[in-house]
Novice: 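So that we are looking at the same thing, I have put the structure below in structure tokens.
Chain A is the first sequence line, chain B the second, and so forth, proteins listed ahead of strands; every chain is numbered from 1.
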There are 2 protein chains.
Amino acid sequence: MTVLAATSSEPTRLTSAQRVLSILGVFSSEHLALSLSEISRRTGLTLTTTHRLVNELRTWGALRRDNDGRYTIGLRILELGTLAPQGLQLREVALPFLDDLRHATHANIHLAVADGHDVIYIESLRARHGVPVLSRLGGRWPMHATGTGLVLLAYSSQEFQEEVLRSKLRQFTAQTVTCPEALRVRLAEVRKSGVAITENQLTQDALAIAAPIRGPRDAVVAAVGVTVPTGSASPHSLVPALAATARGISRALGAPSATPVSGVPVSSPPRIRGLNRSVPRQGR
Amino acid sequence: MTVLAATSSEPTRLTSAQRVLSILGVFSSEHLALSLSEISRRTGLTLTTTHRLVNELRTWGALRRDNDGRYTIGLRILELGTLAPQGLQLREVALPFLDDLRHATHANIHLAVADGHDVIYIESLRARHGVPVLSRLGGRWPMHATGTGLVLLAYSSQEFQEEVLRSKLRQFTAQTVTCPEALRVRLAEVRKSGVAITENQLTQDALAIAAPIRGPRDAVVAAVGVTVPTGSASPHSLVPALAATARGISRALGAPSATPVSGVPVSSPPRIRGLNRSVPRQGR
DNA sequence: ACGGAACTTCCGTCGAACGGAAGACCGTTT
DNA sequence: AAACGGTCTTCCGTTCGACGGAAGTTCCGT
């Protein structure tokens, strides 16, 4: 009744859709299982509302109740996620190539696409006895600190590049490059050489090499990267294999620049929804 | 206000959370990209409501607007889905074993877990020149019609088995076994032999062999399966390799029955949230 | 036995979600 | 050209369901 004192930070008016999404949003790789009251606290929703929404999510299959009473993400969400067009569909095409690359290099392999200012790994193969790395399938990391991210950024629009460079760039290690000017230079190098070679950007003692993957209209749609321990014997020797893999995947996607001049593709060029850029239909 | 005529099928009162989820629910492997009005029609929501909710979902990253104006599932959902504990975490452990199996058998390999009356494939590796199969990562198929599903069902509780057998069992091919009594016999065979061997159940000309994977408390948490064309040379020769793979993954998960009697595990048994069954805390 | 914490249920109030209607913007047809 | 069917977008008044407080229940630890 009385005026709410300014004790709380913000009034935070939320729509009911946002409430639902905020519940899903509190789950992360550090918080795989949460109790009801933990969800309530972390979302800022009242316990009653949390209780009701969580149950609706559980009924639908978005959440699952663990045996110890805590909630986790349900398989229905995993199922849904595989429908993302730039995601596991692309993965399907690329997987054989990535497997070859892993056997040839004994390195950790990543396939990444852009989402916002980040990359998301849509595949992550770790070498049998390779160094453990942070990158998991589904992992999200800032573009400026990853090899694959630098590649994707280098081939983005000028405006987008500046938007990213203007944002706050997190420093992960002492060597992480966060200076916009230095990054512009690096991006130019990537465009010139066609590969990104970065060291100790996201984690110490890791060297990453990445190359662009092109789609049907030669647009860069993904990036493939290998990660090896810093100081590995001749990391530059990995570049040819990586470039061949990127080219192979691009060709399988129907990229003109990777297709033999004969013109006729060997197999039917797979149509992947969302990778085939076309002109928007309606204006505004 | 005048009484609504009985023109429409049901009144279908939905909560706002259900409305949000119903929008996500209309996406499927057959409908990867939908226009606003398609979503509206398929959910039964008014265009206005659909418009508002779809935009909230897009802002959050659950949906993505395609270049042709249609909507697809966004990478944020893929990211979320990887947090499902029985999902890609288990996959991480199993992947090296599955890769070995693929190279040894040149067959299509699946890793499946139970969800409702279905199995969901949390990994699907196709042999380099193997027969194309329906199973995609994230794919969902009824238990009674898949090899991995039969295994998971065979090791489920008696009540759950009966619940599934009582439900409507879809017939996929002329040979699909849908008779409850015949299925009970098959389930008993699976429990006795430890493997399921099925033929032409989901698709014609496919033979599937599957075996259970056990977790920390020896509970069956997943199943691994291989699929080969019907009439392949000696499918039974695949059983030992499959059993070894299942046992290897079980051991890596810390299953007592797959761990050497010495007792001390070689490496730290990975704790995967949701696989470690424990007694529920609160009642009701 | 007591106190605290987490979870669940009930219920009256209120405001946000809802849908109708109208406008903007296509592409196609006559 | 004009009319039409389709899709998408914006606006706004009304209503009903989402919301949160409060009380009840169960389970811990002390």
Novice: Tell me whether the side-chain N/O atoms of B:Thr49 come closer than 4.0 Å to OP1 or OP2 in C:dA17.
Specialist: no

Novice: To the nearest 0.5 angstrom, please state how far the CD atom of A:Glu79 sits from the CG atom of B:Leu137.
Specialist: 11.0 Å

Novice: Round to a whole Å and report the spacing from CG of B:Leu45 to P of C:dC18.
Specialist: 8 Å

Novice: Which one, D:dA18, C:dG19, C:dC7, comes nearest to the side chain of B:Thr15?
Specialist: D:dA18

Novice: Just checking, any donor-acceptor pair under 3.5 angstrom between side chains of B:Ser257 and B:Asp218?
Specialist: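 Per modelled atom types, B:Ser257 and B:Asp218 side chains form a pair under 3.5 Å.
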
Novice: Given atom CG of A:Leu53 and atom P of D:dA18, what is their separation to the nearest angstrom?
Specialist: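 Spelled out: CG on A:Leu53 to P on D:dA18 is 9 Å.
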
Novice: Using heavy atoms to find the nearest nucleotide of DNA chain C for A:Ala17 and A:Glu38 separately, return the residue whose nucleotide is more 5′.
Specialist: A:Glu38

Novice: Does A:Arg52 have a side-chain nitrogen or oxygen under 4.0 Å from the phosphate oxygens OP1 or OP2 of D:dC19?
Specialist: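 Yes, within the criterion.
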
Novice: With a cut-off of less than 4.0 Å, is there a side-chain N or O of A:Thr46 near OP1 or OP2 of D:dC19?
Specialist: no

Novice: Write down the distance between CG (B:Asn55) and C1' (C:dA17), rounded to a whole number of angstrom.
Specialist: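 Rounded to the whole Å, the gap is 15 Å.
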
Novice: Are any of B:Arg41's side-chain N or O atoms less than 4.0 Å away from OP1 or OP2 of D:dT7?
Specialist: yes

Novice: Between A:Leu36 (CG) and D:dC27 (P), how many Å, whole number?
Specialist: 16 Å

Novice: Among C:dT8, D:dT7, D:dT9, find the nucleotide with the atom closest to the side chain of B:His51.
Specialist: D:dT9

Novice: Do B:Asp115 and A:Arg76 meet the salt-bridge criterion of a basic N to acidic O distance under 4.0 Å?
Specialist: no

Novice: Can you tell me the distance, in whole Å, between the CG atom of B:Leu47 and the C1' atom of D:dG5?
Specialist: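 Whole-Å distance recorded here is 15 Å.
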
Novice: Give the rounded distance in Å between these two atoms: CD1 of A:Ile39 and P of C:dA6.
Specialist: 13 Å

Novice: What closest approach, in Å, do B:Ile249 and B:Ala94 show between heavy atoms, and which atom pair accounts for it?
Specialist: CD1-CB, 3.7 Å

Novice: Output the single nucleotide from D:dT10, D:dG20, C:dG19 whose closest atom is nearest the side chain of B:Arg19.
Specialist: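 Closest of the options to the side chain of B:Arg19: C:dG19.
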
Novice: Mind checking A:Thr48 for me? I need base, sugar-phosphate or nothing, with any heavy atom below 4.0 Å counting as a touch.
Specialist: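 Contact class for A:Thr48: base.
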
Novice: Using whole Å, report how far CG of A:Asp68 lies from C1' of C:dA5.
Specialist: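 Between C1' of C:dA5 and CG of A:Asp68: 16 Å.
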
Novice: How long is the line joining CD of A:Glu56 and P of D:dG17, in whole Å?
Specialist: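 The distance from CD of A:Glu56 to P of D:dG17 comes to 13 Å, rounded to the nearest Å.
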
Novice: Could you go through A:Leu36 and A:His51, starting from their C-alpha distance and side-chain angles, then the distance that decides it, and tell me whether this counts as side chain to side chain contact (heavy atoms under 4.5 Å, CB included)?
Specialist: CA-CA 7 Å; A:Leu36 184 65; A:His51 182 255; 3.7 Å; yes

